[in-house]
Amino acid sequence: MAAPSATVDDNFLTHEKGILSWLCTLDHKRIGLMYLICVLSAFLLGGSAAMLIRAELWTPGPTLIDHQTYNQAFTLHGAVMVFLVIIPGIPAALGNVVLPLMLGAKDVAFPRLNLASWYLWVIGALCLITSLITNCADTGWTFYTPYSTTTTTSVIPALFGAFILGFSSIFTGLNFLTTLHKLRPAGMTWFRMPLFLWAIYATGIMQILATPVLGITLLMLIVERAVGIGIFDPALGGDPVLFQHFFWFYSHPAVYIMIVPAFGVVSEIFPVFSRKRIFGYKFIALSSVAIAVLGFLVWGHHMFTSGQSIVAGTVFSGITFLIAIPTAIKAFNWIATMYKGAVHLDTPMLYALAFLWVFSIGGVTGMFLSVMSTDVHLHDTYFVVAHFHYVMMGGAITALMGGIHYWWPKMTGRMYPEKLGRIGAVIVLFGLNLTFLPQFVMGSRGMPRRYYNYLEEFQPMHQLSSLGAFTMGLGFLLVAYYLLRSLKTGPKAPDNPWGGNTLEWQTTSPPAYYNFHTPPVITEGPYEYADWTYDAKVGGYVRISKQAKS
Amino acid sequence: MSHATAPSHDADHAEGHGEHYPFLAHHFDTPEQQFETGKMGVWLFLATEILFFGGLFCAYSIYRALHPEIFEYAHYYLDTKLGAINTCVLIISSVTAAWAVRNAQLKQTNMLVINIVLTILCGFGFMGIKFIEYSHKIHDGLLPGHAYHPAEPVWELPIYKAKYGEEGAAAEGGEHAATGEHAATGEHGAAEKGGEKAPAEAKHTGYVKPLMGPHEFNREPRDVQRFFSIYFCMTGLHGLHVLVGIGIWVWLLLRARTGEFGPKYFGPIDFAALYWHIVDLIWIYLFPLLYLIH
Amino acid sequence: MSDSKNAGHDHDHDAIGHVTPPGLLLLVGGTLLFLTAVTVWVTMADLGRTGNLIVAMVIATIKATMVCTYFMHLKWDKPFNAVVFASSILFVSLFITIALLDKSDYEGDIQEMNLLEGK
Amino acid sequence: MTHSLVNSLVTFLAAAETNDPERFTPKVPESDHFWVPNEASTMAGTVDSLFNYIMWVSVISVILIFAAMAYFCIKYRAKDRESNQAALSQVDHSNALEITWSVAPFFFLISIFVWGFKDFVTLYTAPKNSIEIYATGQKWKWTFKYPNGFVDSELHVPKDKNVRILIKSVDVIHSLYLPEFRAKMDAVPGRYTDLWFNATKAGVFPIYCTEYCGKQHSDMLSQVTVHEGNGYEEWLVAKEKEIELLPPAELGQRMYKQFGCAACHTLDGSKNTGPTFKGVFGRVETLSTGQQVKVDENYIRNSIMEPQKDIVQGFPPQMPSFKGQLSDKKIDGIIAFLKTVQ
Ligand code: HEA
Ligand code: HEA
Ligand code: CUA
Ligand SMILES: [Cu+2]
């Protein structure tokens, strides 16, 4: 590595130059940014597939593409969005950038492993793309056997890609868990940790305990498809429902892997933009852990009509209900945080508010699905599609957007245009509801999912939904446009534009190569705002010196 | 932007405490912290390994619980002697691996090298025996899925005959409880009563055996290939882990020769040993589960 | 071997962590080999279908515990590492138990079809 | 995918692709409810009441959340950054509140769970005296086998009688979905699953496949006719008679539609999953083994009974066997029909 230069303007972006200095970097911030770029590109790919889906569904019969292409499009869409976008989205991209900063550490525990995770992501993504350009898999992102072992499309590259991505996720989780345990500086006690870190902690637990099972499941499926070992093949005495157990043992915890970091992001945004301590810190922190643990025991709620036994169904359904409680606790605490606060409605806060509302809709519709008798009617209809888009698009992606805006000044050293930011947020939110609300209605009226052709009765709602999707697409294009532009033309960001008291705001924007010029001293909780005051000259908040205060 | 007064000592940060310990990474304060961190990381990794194998153990448990007859039948195809030897080989290699950690901690470089070499040799020994086992299986058509075409039924095997005597193959008597047992465990298909067929058409039709406890089979249970699916998945994945382990040891052997490891820096050896032990530990379960079925 | 932190500190060294004395290593190794012989031997006895399985699993678990405690240093390690390990085993057990619970309940439907379709 | 995307764009622009006239599309009768389809079974009512109960709990909670959020945003809105420093109140916990809002939802959740559990057990425990109809899912059609052995691609049931459907699949997983009855169950290869209902409304309702099963998953539709009085028995008798009386070629055409041959074999010469039936009789086919055969009566019969034996070159071995589903008379009919498609 080149000798570091010690100019005043030295930061992690300018510390070293050239593409190789990025591709070989061990700096968590750079790795985080590389993740962010990749994840957003994948989001564009997945989003384009979504636009194709919505365009096709404009009319009941063939509109634009044929059966097979449609099936491939939603498989690609689902797999890309899940494995490439939201699982790494918040933890690996935003988490990498800010986790050591928030903790006051110099880096993550295993910087090389961190870089390796990113490369695994890239390899996994390339595998998925291989599948796409050879003969895209058409199995749905759930890869149910025996369809996935008998279809003629190239499923193995897709499976292998997801397998690799699983390891990328495992290593990220492992790295973060270790960092949170072992690299906490003096003074950073567990209950002084920002809630984002608690969320990452809970996510890490799930990544470590659930993702390996995805690995082995996909591996068995690959072997099954390649040489026919028959563990899941009824013709050889195997059992396809067993595959579903295996798959959901991972994939239900995975939905919390997606959402818990999102909880973390909004738990940061709410107090900062209300200028008030977070309400119920311990409850929010520990409820993440409760969700993580309970989340392992509910996987069978995806299988109520699969021929699963009634006993198992009852257990799964009951525990599913319990999970609503820690989630509800969080929602109520966020609202209570705003009570008597001083609320600033900047873009990150708009996304956080949107998150709270939209995620609640997604969450409560989860209740319809976790009730065994209503799920019989709703399973595999558009009601489920609407549910999970409300929680994943409306929840996780909205929080990701909020987080991107919140930390944009820190990550890039530039401010994004505030007015465009708010307009973008509103368009996306509007489009989102227009897309997915009609899907609830058609779903409960009996419109099955993964349908290329549908009955004419459903056309009006499909068209509303498509209109919404295009609106949302435009909204995201606007967001992408101003964010990219701000990289060049955005005003230079102050160190602490929002007045956060977590440690990442106590270093420069963008941070130095080693994060802190002077190691931070931690003497108080992360949500104390009394010491910060707005300084119009700086354009951000500055600490009130001790003398001035007394 | 406005940090003109920022202290600029981050330049020599890169050196940091590293002056004392060349192996200490910049983001750690002490060798202890570095070691503990690495150790925790490895333990977390081992946890993921347990869950990784957990999937296969789950498949195993389910099929064994619901179709014990398949396992009772097919395990005769495995060679307990080879399995036992392999278990011993792995245990010995675990001792040498643990010893290597001690050597590293005490900076006994020569002993360290010797112990690593022994561990590697054991690893190869294990794989060698696995290779012999696998080639027998392949030769005898004992493969998973559609490839399952056994050369001979269990009751023609020398092991089986040795255990139950040559007359185990003779057609005699035949009102034993075995059939009842199979029916009870879900063997509905054409459950023949006592079976009166000649041993010549044994496979899938019926084989009458003498009164010899629950080990007798009057025909091959359905879907025996399932045993081999599980056998090959589990031992195959385990073998893959042994290979990776050998690779790691070879790499560490190269490093150990330089005397790099000592009381403050023996993490890599310790971590490799932990990994090696977990591989051993999994085999400790695989051996009775696959080979030692009564 | 004493439980104390100094179990292996009869040597002159300042290594991080615990150094296992060679006697202990050999003792544990020997016991493991012995238990292997025992488990092979005990399989020859007929303890019934579950009897043999339980005995085999108990012996395997004793062996595994010894490997963890001594070879893997858990005895002298930060307890957190043991917690990590234990929880992985806990979750695997949950996984197996619930999946087995379900599968054994619907296995009958599979047998029914095998019967009806004469497989 | 990219390749076929380009193709489709071309066809789209040429406006050549139109809705497939062979595709069967059931009609959905107008529903009395906004959210759900007609209630046409004994279970539908209680499932819907639960649905509505959860709906109201949800709507109220979401509205409350939204209202609180909006109110706080307006009420406590900061004027600008300069004049508003940290909020005056820094209240950050209240155990009483935490307990209230953890426990309050709990009661709702328990009530919902218990209700749902009870209904679910009823939904999947068929009464003893049910009429048993076997449903078979295969790519991409449903067939229903009635107690008298008659096989049809549509479901016919009597009103006010318990009907149990035993479901199986011959290839991949499908799922039998009868929205108006609030009933659904996967068809899993290698085992039987079942569902039951008691229809309370006469009429014709759609049937879907709701487990993704490949290319034409969305065309795997059918319909259920609920007969009043002895309409069901009469229908069964009439059906058998009708079929026997048909001239062979017409019978064959019926079978072509009823057994889903249409899903894979076209009549217009275009290639689908299987070879087209246009001119099939008398055609010389090259098999995957390289062998050449002329399509005659026997070959067709074999292709239907044991499709995996001779695979036509260039096609996947995807055709299911129809052994046991088609009587000799029907196969003769198919052969006669194929002779006419030239
Ligand atoms: C980010 C991802 C995410 C999240 C967080 C969730 C959260 C939840 N999900 Fe969802 N789910 C998915 C992603 C997610 N889900 C996906 C991807 C699928 C489909 C997969 C596929 O088949 O392709 C799915 C499918 C799915 C099913 C299977 C449906 C089917 O296929 O038939 C079920 C059934 O129980 C379910 C339930 C739940 C529940 C109970 C929650 C709970 O955690 C929600 C808890 C939250 C709240 C309840 C809201 C906040 C609380 C309040 C506002 C208080 C007041 C509320 C009450 C008193 C009720 N989900
Ligand atoms: C994270 C998860 C995620 C997200 C975000 C989305 C987003 C969207 N999804 Fe998707 N979806 C799934 C996960 C997701 N989906 C899954 C798992 C399935 C199931 C698949 C299966 O059945 O197997 C599914 C299935 C699914 C279906 C059902 C298909 C079917 O069953 O037949 C539909 C139909 O409308 C749909 C639509 C959409 C739309 C319109 C969006 C829109 O919200 C998309 C909007 C996004 C864009 C238009 C991209 C714009 C991006 C940029 C411009 C670049 C960004 C750069 C910066 C911001 C800097 N999705
Ligand atoms: Cu059959 Cu979908
Ligand atoms: Cu779930």
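In the text below, chain A, chain B and the rest are named by the order of the sequence lines, each starting its count at 1.
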Turns out that what part of Phe316(A) lies under 4.5 Å from chain C's heavy atoms comes down to side chain
Counting distance only, does the side-chain N/O of Ser287(A) pair as donor-acceptor with the main-chain N or O of Ile284(A) below 3.5 Å? yes
Can you tell which part of Ile208(A) gets under 4.5 Å to a heavy atom of chain C, answering side chain, backbone, both or neither? neither
Check: Met303(A) main-chain N/O paired with Ser306(A) side-chain donor or acceptor under 3.5 Å: yes
Any idea which of Asp102(C), Asp105(C), Leu94(C), Leu101(C) has the most non-hydrogen atom pairs under 4.5 angstrom with chain A? Asp102(C)
Partner of Thr61(C) under side-chain contact (heavy atoms from CB on, under 4.5 Å), picked from Val58(C), Ile59(C), Thr65(C), is Thr65(C)
If you count every heavy atom of other residues, nucleotides or ligands that lies below 6.0 Å from Phe191(A) atom CZ, does the total exceed 12? yes
